[in-house]
Structures are given as structure tokens and as C-alpha cells.
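We name chains A, B, ... by the order of the sequence lines, and we start the count at 1 in each one.
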Protein chains: 2
Amino acid sequence: MATRTRRSQRRTEALSRERIVEAAVELLDTAGESGLTFRALTERLATGPGAIYWHVANKDELLGAATDAVIAAAVTVGTVAGTVGAATGTVGAATEGSRPATGEPGTTEPPASPQDDIRGVALGLFDAIARHPWLATQLAAQLSRSPWGTVTPRIFESIGRRVRALDVPESSWFTVTSALVHYILGAAGQNAANNASARSLPPGVDRDRFIDTVSRAWGELDPDEYPFTRAVADQMRGHDDREQFLAGVDLVLAGITATHHHGQE
Amino acid sequence: MATRTRRSQRRTEALSRERIVEAAVELLDTAGESGLTFRALTERLATGPGAIYWHVANKDELLGAATDAVIAAAVTVGTVAGTVGAATGTVGAATEGSRPATGEPGTTEPPASPQDDIRGVALGLFDAIARHPWLATQLAAQLSRSPWGTVTPRIFESIGRRVRALDVPESSWFTVTSALVHYILGAAGQNAANNASARSLPPGVDRDRFIDTVSRAWGELDPDEYPFTRAVADQMRGHDDREQFLAGVDLVLAGITATHHHGQE
DNA sequence: ACCTGAACACCGTTCAAGT
DNA sequence: ACCTGAACACCGTTCAAGT
């Protein structure tokens, strides 16, 4: 009933699309996908549903805008650390994807290779999706609703620029970039899904214990139907999520190099 | 109002979980994700909501069961054409993934390479997701709800067995299989998303015109923010979806071979 | 131009009651 | 054991009315 102590917080700023999207992201982060309702939103923003509908067409558009804002921030910061440039969606732009990661262009280090650059962007997306687990579902939904929207091109552009820096023939740019983006979104999405369900477990069960649980469950599958899965069940234990993710990126990068050098049309 | 001519069809069979899941899949296929409601379901099954709740815990479980049934069928048929074996979820098992595809183990052909085998399974999943576009969203949702569920192991097992047939060291099985599965689900999901929104366009606009539209939209993006995406906009035109998908699979396969042969730990 | 808030249609879920 | 169907709580969305 009583929502913390935040109720009717005497609106200071005027309502705006930006403020609404910001509140939506907060709600999604703290209360999950099912926590984003117009009633929760109106309470948090101390207004009525009609006011929100003045700035936003409907819930789908709101979810799309929230997704776009977070992705835009994650992808923009990837470019040059510190130089945020033109972050159109400003929600949390300063902190998104800040964790520097393996081969990120650092402070005094020599310019990174295109490969390291790609790893950096990939990790930025991976971390953003890990921080906002609802992105896993929403990215899929958003792409269904409008692939001509802004979120796909944003990701595509960010990866594609680095692909251009590899020695891949121009005729393969689209195929290669698509493959990278698909792997990144697939892997990051699955990871976020894992995190989301780890979070919903009985409290006191932390991340490691969760992987342990899944690993054990896989180890106890029917030996006739799932021999392989049983066999690798304990390989998933102790593996760091981000390392695992990067290993996959490297696999695709290796494939790109191999395919290009051998020149098999 | 009037639902075709199927209303109150004098239930012949007794209600069962299987029949409910089957009806759910049909509803999802014909009416989309928003078309699956308990009211539509009760009408189609000529029963009340209470009856459904006797067999199924809630909507999430129903969606999970529908997803699992379709994935199980798609993945099982991939093994040996015609020998369906133990198809636990029988929804449309006969027709799922039947289109033989490039390197599928055919009638009189020599046994396919592990690579061709992997391409076959990947295409089976790709086609299943293309036929049931709601899978794109539901796979993501399902993995969030219960990664210890049966759908992940099913896909993992199916790909993993073929990975074992490649000359990859056992210590890399998990990483390599994960990478393949992530790419497949990511790419198939995005493709299904495209199909889904192509379908929701004003009628008379077919698949080709849709890609044309997106391609043109990408070609008209801001040159300052999206130079790369603009440049490859017309590469996406005329590209066959399945070929594009297989090219990505080949890229990952090439990466696996390259990484293994060079032995870079 | 921007906001209010009651009202509407619809949805997932429950449950006392039937067979 | 299995099914019925009215009822409940809640949700997205609308709209006449206000400023």
C-alpha cells in the first residue's frame, strides 16, 4: 500500500517525455518488467495517466524509448572513454558501460587493435544488459515492433565501424557485422536471463550458488536423452560469465580472420 | 464477435494438458502473442477458465510449455529424417523442420560432415522460429523464467553432440557449444522479429518490399551518426535470410577450426 | 499546450459449487 | 478427479473537463 516515503513528492520539474522514460527505466530496474505499470508510474511522477499519454503514445512506445535510451548510452560510451559526445538518450549516460574491461582504450595505453575495440563495445553491451535484465526480453520485443527503429541501427553502427577497420572486403561487411551483432545480443540476452532468474531465487542464494544449482540440475538429466549436456555440466561451474562471453567473441573474430585470409568466396 | 464457425464445437476429446498446449500454439501462430488469452482459449476449447487452471498452473507455465513443445519438435526432427524417436512434445512434430535444407542427411547421400550436421540443426531451429515468430520473444522470456527448464538443455544437447564430433578438445566443448547456440538463437530471433513486423504491415506489402523498406530507411539515416549503416544499407537487399544465417554459422565454424588448429590456449 | 481523474473494456486468476 | 462460471483485483487506455 504505502510506497516507501516517496508518495506525492510535490513535483518540482515539469513533466516531460525524458522524465517519464527515466522513471520507467528506474521502475524496470527496481521492480522488474511486471513492475512497470501506469499506476506505479503515475504515483512515482505524482500525476495522472492522462498526463503520461500526452507525452507518450502507449506502453509499447514507452518500453521502446526506455530500451533505446539505455542502449544508446551503452553504445555511445564505448567510443572513447570520457568523451560522451552526443548522447541522445541521457539516462544514466555517465555510468553506463564505464567498467573499463580487458582491451578498452585506456588512459596512456597505445591505440587498441580493431579486435580489442570490438571486444570493448561488445562488453559494453554485455554489461548494460547484465545491469538491466529486462533488456533481454525488451530487445527481442522491440525488434519485433519496429526493426526500422533506432535501436538496431545504433548497435549495428557501433559494431560495423570497427568491422570496417578489420581487413574484411566491403562486400562482406553486412554479413560479418550481422554475425557479430547476433552473437552479442544472443549471448548477452541469455546471460541477462540467467541473472534475472538468479535474482528471483529465495534470498541468501547468491550468484555462484545459482550457477552451482543449474550445473547440478544439468548433471542430473536423463543420461539417455542428455549425454552431452550431462558431460559438460561441471564445465559451466567456475567459469566467469564475461570471460565466457569474450571467448565467444574471439571465436567469431577468429572465424572472420580465417574466412578472409583463405579467401573462400 | 463471432469466432469463425468454430464456436462451441461440442468437445469430442477430454481436456488435457496436451490439448491445451496445442490450442495455445495454434492461437499464438494465428493471432500472435496478444491473441493468446484465457478467454480465447476457453472459447476454442469450449470450456471455462477453471478447467484450464486444473491442467496448467498459470499463463507463464502455459507459454513455457508451448515454447518447449515447438522447440522439442524442431530439435528432434533434426537428428535423423523420418525417425522421430522420442518426441515428448508432439505438437506438429511431423512437419517441424522438415524442409531438408542444404547439407541435411538425405536419402542416399553419404553421411554428412559434423559441420553439415550442425548447419542442419541450426537451420531446423531457424525455420521453427521463422514459422512461430512468437518464439523470438518467448525464448528470451522462457530462459529468464527458468534456465533450469528443459528448453535450454534441449538445444544445447542437440548442438553439443555435433560439436563433440568436431575435433575440439573436451575442455572447450562448453565454450564452443555456447557460442554456437548464442549465435543461432540471436540470429534466428532477430529474423523472426523481422518476419513478425513484416506481417503486421499494411497488407499488400510482401516480404521483399518490407526488406526494401527497411533498407531504404537505413539508407536515409543521418550521415554523421550512421555512416556505416548507410553504406551497407543496400547490401541487405536481395540477401536471402537463410543464406545470410548460414554464412554466420560458417563464420563461427571457421573460428572454431582456426582456434583449434592454431592451438592458442 | 498541458494536465486531471473518473470511467471503460479487458485480462489473469480464484473459488464455491457442481458432477 | 475433473469441470463450471460468476466474481475479483488489476491493467492499459480514453476523454470530457479543467488550467
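Looking only at atom types and distance, the side chain of A:Glu157 has a donor-acceptor partner in the side chain of B:Thr229 under 3.5 Å away.
Not one N or O on the side chain of B:Arg237 forms a donor-acceptor pair closer than 3.5 Å with the backbone of B:Asp212. Using modelled atom types, one side-chain atom of B:Tyr183 and one backbone atom of B:Phe245 make a donor-acceptor pair closer than 3.5 Å. A distance-only check finds a donor-acceptor pair linking the side chain of B:Thr42 to the backbone of B:Phe38 [under 3.5 Å].
Applying the salt bridge (Lys or Arg N to Asp or Glu O under 4.0 Å) rule to A:Arg39 yields no partners; only residues at least two apart in sequence or on another chain are considered. Listed by chain and number, the residues in a salt bridge (Lys or Arg N to Asp or Glu O under 4.0 Å) with B:Glu61 are B:Arg17 (sequence neighbours excluded). Applying the side-chain hydrogen bond (donor to acceptor under 3.5 Å, both in side chains) rule to B:Glu33 yields the partners B:Gln138; only residues at least two apart in sequence or on another chain are considered.
Distances shown here put a side-chain N or O of B:His55 below 4.0 Å from the OP1 or OP2 atom of D:dC3. Phosphate contact (OP1/OP2 of C:dC2, side-chain N/O of A:Trp54, threshold under 4.0 Å): present.
Residues from residues 136-143 of chain B that place a heavy atom under 4.0 Å from any atom of DNA chain D: there are none.
The nearest whole Å value for the distance from the CG atom in B:Leu15 to the P atom in D:dA1 is 17 Å.
Taking the charged nitrogens against the carboxylate oxygens, A:Asp127 and A:Arg242 do have a contact shorter than 4.0 Å, which makes a salt bridge. A salt bridge links A:Asp68 with A:Arg154: the distance from a Lys NZ or Arg NE/NH1/NH2 to an Asp or Glu carboxylate oxygen falls below 4.0 Å.
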Dot-bracket summary - DNA chain C, pairs being Watson-Crick or G-U whose distances fall under 3.5 Å, with | when paired to another strand: ||.|||||...|||||.||
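Checked against the 6.0 Å centroid threshold, A:Trp218 and B:Phe156 count as a close aromatic pair.
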Protein proximity profile, nucleotides 6-17 of chain D - base contact B, sugar-phosphate-only contact S, no contact -, cut-off 4.0 Å on heavy atoms: B----BBBBB--
